[in-house]
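These notes are about the structure you will find just below.
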Amino acid sequence: MTNETAVIAVISYLVFLFSTVCHEMAHALVARLLGDDTAYHNGQVTLNPWPHIRQEPFGLGIFPLISLFLSIQANGLGVFGFASAPFDPDWAKEHPKRAAWMALAGPGMNFLLATLAVALLKLGVLVKIFLPGASSTWQLVQGPTELSEGFAVLLSVVFFENLLLGVWNLLPIPPMDGFSGLLLVLPEGKVHAFFELRTQLGMIYPMAMFAISGVFWRLFDPLLDTAIEILF
C-alpha cells in the first residue's frame with residue numbers, strides 16, 4: 001500500500017464516521033423536535049461519535065474497519081457500515097408523518113454535506129485555492145500546493161460518500177429511511193400494517209442488502225457521473 005493510498009484510506013474512514021454520525025444525529029434531533037426523545041435520551045443528539053458507536057458497536061465501530069481493510073486488499077478504498085437511532089414505535093404509529101420526516105432527516109443531512117462540499121470546492125476554484133479539473137478518481141479538482149491538494153481530496157471524499165449515503169438510505173426497502181419516508185403518502189388506515197411489514201421484512205435486510213448491491217452500483221455510477229458533470 002502506497003503512502004497516498006494510506007492517506008486516502010484514513011480520510012475515507014474518518015469521513016464515513018463523521019457523515020454517519022451526522023446522519024444519525026439528524027434522525028435524533030428531528031425526532032426530538034417532533035416529540036420523541038428516545039434517541040435524545042440515548043445521547044445521540046451529538047456529533048460525538050461514541051454514543052453512536054455504543055448504539056451500534058459492530059456496525060459503526062468494527063465493520064467499517066474490516067470493510068476498509070478488505071477493500072484495500074482488493075485495490076479499492078470503500079468503507080461500509082451501519083448505524084441506528086432508536087425511536088418510540090408507539091410515537092411513530094401515532095404520528096406517521098412525523099416519523100417520516102424523522103427518517104428522511106438522515107439522508108437529508110447527507111445531501112446537505114455533499115452540497116456543502118461542492119460549494120467549498122467551487123469557491124476554492126473561484127478564489128484560486130483549487131484548480132479546475134479532476135486529477136484522480138478521488139479528486140474533483142486539483143490542488144496547486146500539498147495543503148490544497150489534501151483539502152481537495154478531503155472535500156471530494158465528503159461529496160462522494162455523502163451522495164452515496166444519501167441515495168443508499170433513500171432506497172424504499174425496510175429498514176431503510178426511504179421505506180419509512182413512504183409514510184408521508186400512506187393512507188392512515190394502512191399505518192399499522194405498514195409497521196408490521198417493516199418489522200417482518202427488516203429481518204431479511206442483510207440478505208436484501210447483498211442482493212440489491214450489484215443493481216444499486218449499476219444505477220449509482222451513472223448518477224454520480226451525471227452529478228459531477230452537472231456540478232463541475
Side-chain angles (χ1 to χ4, degrees), residues 1-30 33 45-49 52 64 67-68 71-72 75-81 83 101 103-171 177-178 181 216-232:
M1 182 170 61
T2 65
N3 289 338
E4 181 182 3
T5 301
V7 169
I8 296 176
V10 171
I11 290 174
S12 297
Y13 172 74
L14 293 177
V15 168
F16 172 81
L17 182 62
F18 173 74
S19 302
T20 305
V21 166
C22 288
H23 178 108
E24 298 305 327
M25 184 204 69
H27 284 317
L29 177 59
V30 171
L33 292 173
V45 183
T46 179
L47 290 177
N48 178 0
H52 303 278
S67 69
L68 180 60
S71 180
I72 290 173
N75 298 316
L77 290 168
V79 184
F80 304 97
W101 287 118
L104 295 174
M109 173 62 77
N110 293 127
F111 291 133
L112 178 62
L113 290 172
T115 301
L116 179 61
V118 167
L120 290 174
L121 285 167
K122 293 179 79 68
L123 178 62
V125 171
L126 187 65
V127 299
K128 311 257 190 259
I129 295 175
F130 303 131
L131 300 176
S135 59
S136 71
T137 306
W138 288 89
Q139 241 178 288
L140 295 171
V141 298
Q142 300 178 49
T145 67
E146 189 172 326
L147 181 61
S148 62
E149 186 85 354
F151 276 108
V153 172
L154 174 63
L155 291 172
S156 298
V157 173
V158 170
F159 169 73
F160 286 134
E161 291 199 9
N162 279 280
L163 183 63
L164 172 62
L165 284 169
V167 174
W168 174 261
N169 279 281
L170 281 182
L171 292 176
D177 299 324
F216 173 80
W217 283 112
R218 283 197 291 272
L219 295 174
F220 180 76
D221 283 342
L223 172 64
L224 176 61
D225 291 340
T226 302
I228 293 173
E229 185 176 348
I230 291 172
L231 294 170
F232 291 93

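Each residue takes its place number in the sequence, starting with 1. Small disclaimer: the values here were computed from a predicted structure and weren't measured. Reckoned from all heavy atoms, side chains included, excluding hydrogens, waters and symmetry mates.
Residues meeting the side chain to side chain contact (heavy atoms under 4.5 Å, CB included) test with T226, sequence neighbours left out: I230. In this structure F220 satisfies the ring-ring contact (aromatic ring centres under 6.0 Å, His included) test together with F216, W217, sequence neighbours excluded.
Of the inter-residue distances, the one linking F159 atom CZ with L116 atom CG reads 12.5 Å to the nearest 0.5 angstrom. Rounded to the nearest 0.5 Å, atoms CG (L104) and CG (N169) are 10.5 Å apart. For the atom pair CZ of F111 and CG of L165, the computed distance is 9.5 Å after rounding to the nearest 0.5 Å. Annotation: the span from L154 atom CG to I8 atom CD1 amounts to 11.5 Å, rounded to 0.5 Å. To the nearest 0.5 angstrom, I228 atom CD1 is 8.5 Å from S156 atom OG. Separation of atoms CE (M109) and NE2 (H23) is listed at 10.0 Å; rounding is to 0.5 Å.
Nearest approach of T46 to N48, heavy atoms of both residues: OG1-N, 3.0 Å. In terms of heavy atoms, L155 sits closest to A117 at O-CB, 3.5 Å. Contact record, P64 with G81: CG-CA, 4.1 Å, taken as the closest heavy-atom pair. Considering every non-hydrogen atom in both A105 and A26, the closest pair reads O-CB, 3.5 Å. Nearest heavy-atom pair, L120 versus F130, reported as atom, atom and distance to 0.1 Å: O-CE1, 4.0 Å. The minimum heavy-atom distance linking G181 with A103 is given by the pair N-CB, 4.5 Å.
Looking at H27, its side chain never comes within 3.5 Å of a backbone N or O of V45 through a donor-acceptor pair. Proximity of a side-chain donor or acceptor of T20 to a complementary backbone N or O of L17 within less than 3.5 Å is not detected. Under the 3.5 Å distance criterion, the side-chain polar atoms of Q139 are left unmatched by any main-chain donor or acceptor of V153. Without hydrogens or angle criteria, S19 side chain to N162 main chain gives no donor-acceptor distance under 3.5 Å.
For OH of Y13, the number of neighbouring non-hydrogen atoms (other residues, nucleotides, ligands) closer than 6.0 Å is greater than 12.
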In sequence, state the C-alpha distance, the side-chain angles, and the governing distance for L140 and F160, and then conclude on side chain to side chain contact (heavy atoms under 4.5 Å, CB included).
CA-CA 10 Å; L140 295 171; F160 286 134; 3.7 Å; yes
Under the side chain to side chain contact (heavy atoms under 4.5 Å, CB included) rule, what do F80 and F16 come out as? Steps first, then yes or no, please.
CA-CA 8 Å; F80 304 97; F16 172 81; 5.9 Å; no
